[in-house]
> 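Before we start, here is the structure in question, set down as structure tokens.
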Protein chains: 2
Amino acid sequence: MPDPETRKMSRIQQRNRHRILDAALDVFSQHGYRGATLDQIAAASGMSKPNILYYFEGKEAIHVALLNALMTEWLAPLHAMDANGDPVTEILNYVTRKMEMSREFPRQSRLFANEIIQGAPRIKPHLESDLKPLFMQKCAVIQGWIDAGHLPVLDPEHLVMSIWAMTQHYADFEAQVHILASDDDASWERAKAHVTGMFRTLLTQPTP
Amino acid sequence: MPDPETRKMSRIQQRNRHRILDAALDVFSQHGYRGATLDQIAAASGMSKPNILYYFEGKEAIHVALLNALMTEWLAPLHAMDANGDPVTEILNYVTRKMEMSREFPRQSRLFANEIIQGAPRIKPHLESDLKPLFMQKCAVIQGWIDAGHLPVLDPEHLVMSIWAMTQHYADFEAQVHILASDDDASWERAKAHVTGMFRTLLTQPTP
DNA sequence: TCGTGTCTTTACCAAATGGTAAAAAACGTG
DNA sequence: CACGTTTTTTACCATTTGGTAAAGACACGA
């Protein structure tokens, strides 16, 4: 069993670990942790079950590896929000980036959604240690913008949650969206326009 | 095996079916369909597994029964949106009602979310036959309001989806919300104020 | 109290599931 | 090629899971 901590991973190890993780992302994002089986992952990756267990300690290790990779990728856009930039631009850029990620990586979004809906049993520590500090820091930045009069008075925490809710909705509830609207590029552009327009309106409303 | 179609159900039958459905709602909403087990439902309901299978055909029948009940309850508030009422009031009432339902029935919201995330395999027909017509009808109503100049120009379909995304987020992602904000009544009121305020701003923006 | 239909339990079962042992195959490198 | 190492396969195993058969407990009107 190769050690992923050690940086020494042969080409074939990297390729197979990647194949497994990609297949597992399919299966976990579609059925949740408990609903996913190693046989499904094996079938989806075109490898045998024991071979998968040669690369990962077990089912949970695969799930954890996916969640770890997810967290860093997922936090990056929020991290990029710059306190010294123009408030409206920074926030709308974040919204746009999140929308694009929902379009590009819907499986990751659903993997995360499954984990959270089911009570975040495996990712809770990460949320506390990684997400929460970043969230609070960025909320403070937004509050600073509000205090400086650059944004209308609103609740930073719930503003950020609104952005998450709206953007991830299009990935997580894709099945429903697909039934009610169409799924082509044109419809997607309308969705993006609606969401960004909505937040633009909210952020540029005349201060009462 | 008693027939739920027939209206003749003894007191004990009604009570036990209800107990099973309540327990199943716990389990399914937490683990999704595939991740839930009959043993968990049995344990949660305080009944034996064969006894549960005396009241329901099988695992899937329980899930379907829950989804059926869910659909009608869930659609009611949207149904109540009145084309002859004041547009802003009607829509904001709908938002408020949805927020309250997320607070009151988070398990139902998560049951639905699990089903949709996983591709809506069992509820898709219902979405087509029940949700879609109602959705399209109400979108037409909103479009009518817009055409009449009673609402700013926006996309009715995505407006409704925004409402769903924002309101259900607080139930579906409760675990995350609980980590980032607190979960007491005060925080809940702030959430409600934020969401309704957000849509009020959107709906009463000065027409450009 | 007896009998009949309703409800519940006990004792199972076949298939699926996460995981293991060990042999076999493939690989890399002197 | 030869030989140690890495990778893959075959053959299992214990537990869990959805579900069943049949016997027992219970309710309740005649």
Side-chain angles (χ1 to χ4, degrees), chain A residues 1-28 30-67 114 118 121-122, chain B residues 1-28 30-67 114 118 121-122:
Chain A
M1 42 166 126
D3 188 358
E5 304 303 322
T6 313
R7 282 289 147 251
K8 293 255 195 156
M9 268 203 286
S10 72
R11 204 57 37 82
I12 199 168
Q13 274 172 39
Q14 279 188 279
R15 178 176 57 84
N16 280 350
R17 282 182 68 96
H18 187 272
R19 271 171 56 184
I20 292 169
L21 288 175
D22 189 66
L25 181 56
D26 272 349
V27 177
F28 280 128
Q30 202 166 81
H31 298 109
Y33 179 74
R34 288 223 46 197
T37 72
L38 284 178
D39 292 274
Q40 286 175 302
I41 297 172
S45 65
M47 298 170 67
S48 69
K49 184 164 61 173
N51 204 11
I52 282 174
L53 291 166
Y54 170 74
Y55 287 102
F56 287 91
E57 296 272 331
K59 183 184 176 182
E60 186 158 353
I62 303 177
H63 196 241
V64 168
L66 282 174
L67 288 179
N114 262 311
Q118 303 182 1
R122 269 164 290 279
Chain B
M1 43 169 127
D3 189 358
E5 304 302 322
T6 314
R7 283 288 149 253
K8 293 255 195 157
M9 267 204 286
S10 72
R11 203 57 36 82
I12 199 167
Q13 274 171 39
Q14 280 188 279
R15 178 176 56 86
N16 279 349
R17 281 182 68 95
H18 187 272
R19 271 171 55 183
I20 292 169
L21 287 174
D22 190 66
L25 182 56
D26 272 349
V27 178
F28 280 129
Q30 201 165 83
H31 297 108
Y33 179 74
R34 288 223 47 198
T37 72
L38 284 179
D39 293 275
Q40 286 175 303
I41 297 173
S45 64
M47 299 170 66
S48 70
K49 184 165 59 174
N51 204 12
I52 282 174
L53 291 167
Y54 171 74
Y55 287 102
F56 289 91
E57 296 272 332
K59 184 184 176 182
E60 185 157 353
I62 304 176
H63 196 241
V64 168
L66 282 173
L67 288 179
N114 262 310
Q118 303 182 2
R122 270 164 289 280

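Protein chains get the first letters and strands the later ones, always in sequence-line order, with residue 1 at the start of each.
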> Is there a side-chain contact between B/Ser48 and the phosphate of C/dT9, meaning an N or O under 4.0 Å from OP1 or OP2?
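So the side chain of B/Ser48 is within the cut-off, an N or O lying under 4.0 Å from OP1 or OP2 of C/dT9.
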> Check whether any side-chain nitrogen or oxygen of B/Tyr54 sits under 4.0 Å from OP1 or OP2 of D/dG19, and answer yes or no.
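So the side chain of B/Tyr54 is outside the cut-off, no N or O lying under 4.0 Å from OP1 or OP2 of D/dG19.
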> I need the CZ-P distance between B/Phe56 and D/dG18, as an integer number of Å.
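Distance check: B/Phe56 CZ to D/dG18 P gives 15 Å.
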> Can a side chain N or O of B/Gln13 be found less than 4.0 Å away from OP1 or OP2 on C/dC7?
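Checking B/Gln13 against C/dC7: at least one side-chain N or O falls below 4.0 Å of OP1 or OP2.
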> Among the candidates D/dT8, C/dT8, C/dG19, find the nucleotide nearest to the side-chain atoms of A/Lys59.
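It is C/dG19.
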> Return the value, rounded to whole Å, for the distance between atom CZ of B/Arg17 and atom C1' of C/dT8.
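Rounded to whole Å, this separation is 17 Å.
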> Return the nearest nucleotide to the side chain of A/Thr37; candidates are C/dG18, D/dA11, C/dT6.
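The nucleotide sitting nearest to the side chain is C/dG18.
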> In whole angstrom, what separates A/Leu38's CG from D/dT16's C1'?
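Distance, rounded to whole Å: 14 Å.
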> A/Asn16 has an atom CG; how far is it from atom P of D/dT6, in whole Å?
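My rounded result for the distance is 15 Å.
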> Could you check which of D/dG19, D/dT9, C/dT9 has an atom nearest any side-chain atom of A/Pro50?
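The closest nucleotide is D/dT9.
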> Report the C-alpha separation of A/Tyr54 and A/Asn16 in whole Å, then their side-chain angles, then the decisive distance to 0.1 Å, and conclude whether the side chain to side chain contact (heavy atoms under 4.5 Å, CB included) test is met.
CA-CA 10 Å; A/Tyr54 170 74; A/Asn16 280 350; over 6 Å; no
> Between A/Gln30 and A/Val27, is there a donor-acceptor pair closer than 3.5 Å when you use the side chain of the first and the backbone of the second?
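Pair absent, no side-chain N/O of A/Gln30 close to backbone of A/Val27.
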> Under 30°, 30 to 60°, or over 60°: which ring-plane class applies to B/Tyr33 and B/His63, parallel, tilted or perpendicular?
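Ring orientation of B/Tyr33 relative to B/His63: tilted.
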> Below 4.0 angstrom from OP1 or OP2 of D/dT16, is there any side-chain N or O of A/Arg34?
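No, no such contact exists.
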> CD1 of B/Ile52 to CG of B/Asp39: how many Å apart, nearest 0.5 Å?
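Spacing of CD1 (B/Ile52) from CG (B/Asp39) equals 8.5 Å.
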> Less than 4.0 angstrom between a side-chain N/O of B/Asn51 and OP1 or OP2 of C/dT10, yes or no?
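Answer is no, no contact under 4.0 Å.
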> In whole angstrom, give the distance that lies between atom CD1 of B/Ile52 and atom P of D/dT17.
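So the two atoms are 14 Å apart, to the nearest Å.
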> In Å and rounded to the nearest 0.5 Å, what is the CE to CG distance from B/Met47 to B/Leu53?
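Answer rounded to 0.5 Å: 10.0 Å.
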> In whole Å, what is the span from the CD1 atom of A/Ile20 to the C1' atom of C/dG18?
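Going from A/Ile20 (CD1) to C/dG18 (C1'), I get 15 Å.
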> Categorize B/Ala36 for me: base, sugar-phosphate, or nothing, with a 4.0 angstrom heavy-atom threshold over every strand shown.
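The answer is sugar-phosphate, as B/Ala36 gets under 4.0 Å only of primed atoms, P, OP1 or OP2.
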> Rounded to whole angstroms, how far apart are CD1 on A/Ile41 and P on C/dA16?
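From A/Ile41 CD1 to C/dA16 P: 17 Å.
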> Rounded to the Å, how far apart are B/Arg15 CZ and C/dC7 C1'?
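These atoms are roughly 10 Å apart.
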